[in-house]
Amino acid sequence: MAHTPTTPRGHSDTALAAAGGLVVFAAVMLLITGVLGICRGIMGIVEDEVFVHTPRYVFQFDLTTWGWLHLIFGIIAVIVGTALFKAPLWGRIAGIAIAGVVILVNFLSLPYYPFWAIISIALSGFIIWALCIISPEDMR
């Protein structure tokens, strides 16, 4: 029977590598989501014609307002995604929080550009999963 080397805290090297890999995965996905949000925000601010104008939508804002929301949260997502490469606990918590906010913003703006919103929601779901699946002890 093969013995798996462990760290002083009793975690295997494989578990530590997997935990680190998930944080890097989440960081990259958060960066991608942030860049997509920035692009979507710029498109909304300049009122690009790719957006669908949905009449009588409960959460209807001016397209420029949606653009600014996506731009701001996209910039925050890029900053937090960059911080996750160093894997601090605050970065993981902020990553989960910003991914949750990105899901809400994209859900509320779903009628304006559904395909892109669904992609952003899915990416943010993967980010939350990757940051929640590992324990803080695995990162030490």
Side-chain angles (χ1 to χ4, degrees):
M1 187 159 131
H3 175 68
T4 305
T6 59
T7 63
R9 294 187 185 272
H11 299 289
S12 72
D13 291 337
T14 306
L16 291 176
L22 284 174
V23 172
V24 170
F25 169 79
V28 170
M29 290 293 107
L30 197 54
L31 285 170
I32 291 170
T33 300
V35 170
L36 289 175
I38 290 169
C39 292
R40 187 172 182 189
I42 292 169
M43 289 171 23
I45 292 168
V46 298
E47 298 187 17
D48 197 348
E49 296 298 320
V50 295
F51 290 100
V52 177
H53 296 281
T54 306
R56 300 175 60 187
Y57 179 50
V58 175
F59 301 107
Q60 187 171 4
F61 290 121
D62 178 53
L63 188 56
T64 304
T65 305
W66 281 120
W68 279 108
L69 286 171
H70 285 286
L71 180 66
I72 290 166
F73 289 119
I75 291 169
I76 294 170
V78 167
I79 292 167
V80 172
T82 303
L84 279 173
F85 283 108
K86 295 186 179 186
L89 180 60
W90 73 264
R92 289 182 51 217
I93 293 168
I96 292 167
I98 193 66
V101 171
V102 167
I103 287 174
L104 290 174
V105 169
N106 278 288
F107 175 77
L108 294 176
S109 67
L110 196 59
Y112 295 102
Y113 202 62
F115 185 70
W116 199 336
I118 290 170
I119 289 172
S120 292
I121 289 169
L123 286 174
S124 296
F126 283 122
I127 292 163
I128 292 170
W129 171 80
L131 292 175
C132 287
I133 196 81
I134 59 173
S135 66
E137 294 83 27
D138 289 339
M139 295 310 301
R140 294 185 185 151

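For reference, positions follow the sequence shown, starting with 1.
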N/O donor-acceptor pairs under 3.5 Å from side chains in residues 118-126, not counting sequence neighbours:
residue : atom : partner : partner atom : Å
S120    : OG   : W116    : O            : 3.3
S124    : OG   : S120    : O            : 2.9

Please tabulate, for side-chain N and O atoms in residues 70-85, each donor-acceptor pair with protein atoms closer than 3.5 Å (sequence neighbours left out).
residue : atom : partner : partner atom : Å
H70     : NE2  : S109    : OG           : 3.2
T82     : OG1  : V78     : O            : 2.8

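The hydrophobic cluster containing I42 also contains F115, counting ILVMFWY residues as joined when their side-chain heavy atoms lie under 4.5 angstrom apart, directly or transitively. A continuous path of ILVMFWY side-chain contacts below 4.5 Å connects I96 to V24, so both sit in one hydrophobic cluster. W68 is not connected to L104 by any chain of hydrophobic side-chain contacts under 4.5 Å among Ile, Leu, Val, Met, Phe, Trp and Tyr, and they are in different clusters.
Atom CG of L69 sits about 11.0 Å away from atom OG1 of T64, to the nearest 0.5 Å. Atom OG1 in T33 sits 11.0 Å away from atom CD1 in I38 (nearest 0.5 Å).
Contact detail for A117 and L110: the closest heavy-atom pair is CB-CD1, 3.5 Å.
The shortest distance between side-chain heavy atoms of I128 and I103 falls below 4.5 Å.
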